[in-house]
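Scroll down for the structure; my scribbles are underneath it.
Values in this document were obtained by computation on a predicted structure and should not be read as measured data. All chains are named by letter (A, B, ...) in the order of the sequence lines, taking the proteins before the strands, and each is independently numbered beginning at 1. Every heavy atom of this structure was used, including side-chain atoms; hydrogens, water molecules and symmetry mates were not.
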Number of protein chains: 2
Amino acid sequence: MATYKNELSNAGSSLTCVAEHAGVSAMTVSRVLNQPNKVAEATRQKVEASLDALGYVPNLAANTLRRERSGVIVAMVPTVENSIFSDTIQGISDILEAAGYQLLLGCTSYDLEKEEKLTRAFLGRRPDGIILTGVSHTDTTRALLKNAGVPIVEMWDFSDQCSENCVGFDNYKAGYEIARYMLECGYENIGLVATTLEHEAHEFRAAKRSAGIYAAFRDANRPAPLRRNVSDPLAIDECGATAADFVAANPEFDAIICSSEVLGVGAIKELHGRGWQIPEKIGVAGIGDANIAGLVHPGLTTIKIPGKRIGERSAEILVERLRGSHDLAIQEDIGFQLVVRGSTK
Amino acid sequence: MATYKNELSNAGSSLTCVAEHAGVSAMTVSRVLNQPNKVAEATRQKVEASLDALGYVPNLAANTLRRERSGVIVAMVPTVENSIFSDTIQGISDILEAAGYQLLLGCTSYDLEKEEKLTRAFLGRRPDGIILTGVSHTDTTRALLKNAGVPIVEMWDFSDQCSENCVGFDNYKAGYEIARYMLECGYENIGLVATTLEHEAHEFRAAKRSAGIYAAFRDANRPAPLRRNVSDPLAIDECGATAADFVAANPEFDAIICSSEVLGVGAIKELHGRGWQIPEKIGVAGIGDANIAGLVHPGLTTIKIPGKRIGERSAEILVERLRGSHDLAIQEDIGFQLVVRGSTK
DNA sequence: GTGAAAGCGCTAACAC
DNA sequence: GTGTTAGCGCTTTCAC
């Protein structure tokens, strides 16, 4: 005897329930959902009424199992708490939603081991595609991804030697550019405040930016800048204190380059608080312009990275790939932009 | 004949493949994965070797289908681009990860219709729980949720009459508190700059905050403040311009209350830029302290909302509920905090 | 235009 | 301790 659930509990309401309710077969209901034009008008209306009456919600787990296609895209970013990647996530989300995909978001905390763990866990969902931040991953992560045969996009970095899809900017050039600008401004004694994340591997994006900074000094025939590292690059007050202490300890400095937006803004706030004149007494530059560089006074001279665009393009490329429009890996340099504000003269 | 895939493509590698490779039944492999102590040591090692050799990744779609439990929690927030909800998401993510759940994130753009759409789509994944922002939803959304029988938590608002789990703060009180503070400061002519989102329903959180503000004026026997609305409450420059124009048009103002952090910060920047002395000439207050209120100069006097805590508790309560520890709905008032900075005297 | 059968990968329930 | 059977909800294939 029929056992379809009534309107008060669709928790188990299946195609079969709807089929019984409408007096047709499950297949017909499935067709109404997926290829309605292959169903007679009268049948369709009958089925749609039952669909409504039972409050049917398709079970996408069954769908995934049968179709070997989940409609899920995984994206992993280093942090979601800080706003660095907020607009990237928004960009990804917008594109995926329009294309009918759902977003499974992971947060790696800048930790490749955690990225590996998440990759393993997420692959269980049989995602149709994966967006990763950066081009550095553990060997196991790479193996897992390759093994799974899922198309991937690496974002927020750029390398034309990459075999994967890759959307971002050249972190080395970004570092080079801000340093070049500061040197051309005529600053004589520039200090560098940077994160320590880069100890891991030279592939890291922060390490690339530092490398670019050093290269600009070399090309200008200047000695490498004195450097101080911050331990928690997202803690703005701590960053500011470190930067200000660094300046205080090196009276010859006329400027500092900070390797991130948070660092730069923290430095401006703290130096300002301690009575240093910016930019007269000390110039400050940063890298990154997500949402706070323009708020402090004076504003932070920095490198603007089009995060939303990176997210959008990453998702777009993945979607195109899934539609089969592209077979070759795409490497896309989104570029960046020098933004000069009041923190430099 | 056996057809298990080799190491280069696990795309289809199933329990059965692993079982054949190890010379056992699929059930035994399943046991090694789920209840290893019920398997003989020797068998276990053999199976684990095969698991490794084939790079087996469990298919969670099949798991979900069979177990009627997906291990997925859905969370929906109004925006992911602005940092308002960033730490809430981080809080949710931290707790869920520790509890072994995956997070499916949705962004409603402050739109209840979109929330309904997303709800429908996400329910297809058979999530084990759902976290929603606010207590206002369309009737259909409510019906869908009820019908699905999924435990839910509503966050970022608080109502002790709510039949659902609810974690947040009293938006009305938050509005009341900032207005009360400004009145007690001795400001005589206060303007109100607010968002227009509240046109929808009086349930909306922004509308509640406004209602609280008006109530504070009434309780102080003051007439309702003059008010101006901003159209895009997330566009900081536009917000600032609107606020500054409002002040310029009403020379009698000695202070303004802004209904959000972005508004408040935008106002300070723009007023400062136009040469208004803050707080001497004009006081500025806001609501919200996600990450920028303390960066402008002077800092914004505002209401700090513990977003991360809200996210953590929301996820915790959901997880407890899923473990069966609680049956009754929990309403938890996380509270808020008045933060006085330089923008008020 | 519609339906019946089979099977995606997994595990609960029951043998042995 | 291990294997067999059945079925979760869906769609592909083929039959009518």
Report yes if at least one side-chain N or O of A:Ser30 is closer than 4.0 Å to OP1 or OP2 of D:dT11; otherwise report no.
-> yes
Determine: side-chain N/O of A:Asn63 to OP1/OP2 of D:dT11, distance under 4.0 Å, yes or no.
-> yes
With the side chain of A:Thr43 defined as its heavy atoms from C-beta on, choose the nearest nucleotide among D:dC10, D:dG1, C:dG1.
-> C:dG1
Whole-Å distance separating the CZ atom of B:Arg66 from the P atom of D:dC8 = 8 Å
Against the side chain of B:Met27, the closest entry in D:dG3, C:dG9, D:dT12 is D:dG3
Using a cut-off of strictly less than 4.0 Å, decide whether B:Thr28 has a side-chain nitrogen or oxygen near OP1 or OP2 of D:dG3.
-> yes
C:dA4 OP1/OP2 closer than 4.0 Å to side-chain N/O of A:Ser25 = no
Spacing of B:Glu68 atom CD relative to D:dC10 atom P, expressed in whole Å = 12 Å
Can you tell me how far P of D:dT12 sits from CG of A:Asn34, to the nearest Å?
-> 8 Å
Assess the side chains of A:Lys114 and A:Thr108: does a donor N or O sit below 3.5 Å from an acceptor N or O?
-> no
Does a salt bridge link A:Glu332 with A:Arg309, judged by any charged N lying under 4.0 Å from a carboxylate O?
-> no
Residue mapping more 5' on DNA chain D - nearest nucleotide basis, B:Gly23 or A:Leu33 | B:Gly23
Could you tell me the separation between the CZ atom of B:Arg125 and the C1' atom of D:dC10, rounded to a whole number of Å?
-> 13 Å
Rounded to whole angstroms, how far apart are CG on B:Asn59 and P on C:dC10?
-> 6 Å
For B:Gln35 and C:dT11, what is the distance between atoms CD and P respectively, to the nearest whole Å?
-> 9 Å
Which heavy atom of B:Ile92 sits nearest a heavy atom of B:Ala75, and at what distance?
-> CD1-CB, 4.2 Å
Euclidean distance, atom OH of residue A:Tyr56 to atom P of D:dG9 [Å, nearest integer] = 9 Å
Looking across every strand, which nucleic acid part, if any, lies under 4.0 Å from B:Thr64 by heavy atom: base, sugar-phosphate, or nothing?
-> nothing
Quickly work out the A:Leu65 CG to D:dC8 C1' distance and round it to whole Å.
-> 9 Å
Quick one: is D:dT2 close enough that its OP1 or OP2 comes under 4.0 Å of any side-chain N or O from B:Arg31?
-> no
What are the two closest non-hydrogen atoms of A:Ser136 and A:Phe204, and how far apart are they?
-> OG-N, 3.9 Å
Please determine, by modelled atom types, if B:Glu116 and B:His137 share a side-chain donor-acceptor pair under 3.5 angstrom.
-> no
